[in-house]
Engineer: 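One structure follows; several queries about it will come next.
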Amino acid sequence: MAPSAASPRFYVGNRRDGARLLSSALVITGAGLIRVDHPAGRALALVAGLLSLYWWLCYRKLTH
């Protein structure tokens, strides 16, 4: 299915795949938070957390 002009470029066009992306990013964020004492863990938690926030905002806009 081709992306529509209204959909974000770095996200999917349906709720099922959007939920999969969001849950994967949240799991990766959790893994980074487990090792927050290490610089790599902090970086992973920060990047994955920001990506989770972005994908959550995109997910809320999906209607199907």
Side-chain angles (χ1 to χ4, degrees):
M1 182 160 95
S4 66
S7 68
R9 297 181 70 193
F10 190 56
Y11 200 64
V12 296
N14 60 61
R15 291 181 69 89
R16 182 190 64 201
D17 292 336
R20 288 179 183 165
L21 286 175
L22 182 55
S23 65
S24 296
L26 288 171
V27 167
I28 294 170
T29 301
L33 289 173
I34 288 172
R35 289 304 311 247
V36 74
D37 60 322
H38 192 277
R42 275 182 250 147
L44 182 66
L46 178 66
V47 171
L50 291 173
L51 187 62
S52 297
L53 178 62
Y54 172 72
W55 281 347
W56 176 69
L57 292 172
C58 292
Y59 180 79
R60 289 182 10 174
K61 295 178 185 176
L62 293 176
T63 57
H64 61 281

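Just so it is clear, the values below take in all heavy atoms, side chains as well, and ignore hydrogens, waters and symmetry mates.
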Engineer: Report yes or no: do Leu57 and Trp55 belong to one cluster of Ile/Leu/Val/Met/Phe/Trp/Tyr joined by side chain heavy-atom distances under 4.5 Å?
Structural biologist: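 They do share one cluster, since a chain of ILVMFWY contacts under 4.5 Å joins Leu57 to Trp55.
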
Engineer: Measuring from Leu46:CG to Thr29:OG1, what's the distance to the nearest 0.5 Å?
Structural biologist: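 So the gap between those two atoms works out to 9.5 Å.
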
Engineer: Quick check: closest heavy atoms across Gly18 and Tyr59, and the distance to 0.1 Å?
Structural biologist: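 Gly18 and Tyr59 have their closest heavy atoms at C-CD1, 3.9 Å.
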
Engineer: How long is the straight-line distance from NZ of Lys61 back to CZ of Arg15, given to the nearest 0.5 Å?
Structural biologist: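 It comes to 13.5 Å.
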
Engineer: Mind checking whether Leu50 and Tyr54 sit in one hydrophobic cluster, side chains of I, L, V, M, F, W, Y counted as touching below 4.5 Å?
Structural biologist: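 Shared cluster, no.
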
Engineer: If you look only at distance, which donor and acceptor atoms sit under 3.5 Å apart when one is on a side chain in residues 21-28 and the other is two or more places apart or in another chain?
Structural biologist:
residue	atom	partner	partner atom	Å
Ser23	OG	Ala19	O	3.1
Ser23	OG	Arg20	O	3.1
Ser24	OG	Arg20	O	2.9

Engineer: List the steps, then state whether side-chain contact (heavy atoms from CB on, under 4.5 Å) holds for Tyr11 with Asp17.
Structural biologist: CA-CA 9 Å; Tyr11 200 64; Asp17 292 336; over 6 Å; no

Engineer: Spell out, yes or no, whether Val12 and Trp56 are grouped together once hydrophobic residues are joined by side-chain heavy atoms under 4.5 Å, including indirect joins.
Structural biologist: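 Same cluster: Val12 reaches Trp56 through Ile, Leu, Val, Met, Phe, Trp or Tyr contacts under 4.5 Å.
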
Engineer: Among all residues two or more places apart in sequence or in another chain, which pass the salt bridge (Lys or Arg N to Asp or Glu O under 4.0 Å) test with Arg35?
Structural biologist: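 Salt bridge (Lys or Arg N to Asp or Glu O under 4.0 Å) list for Arg35, sorted by chain: Asp37.
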
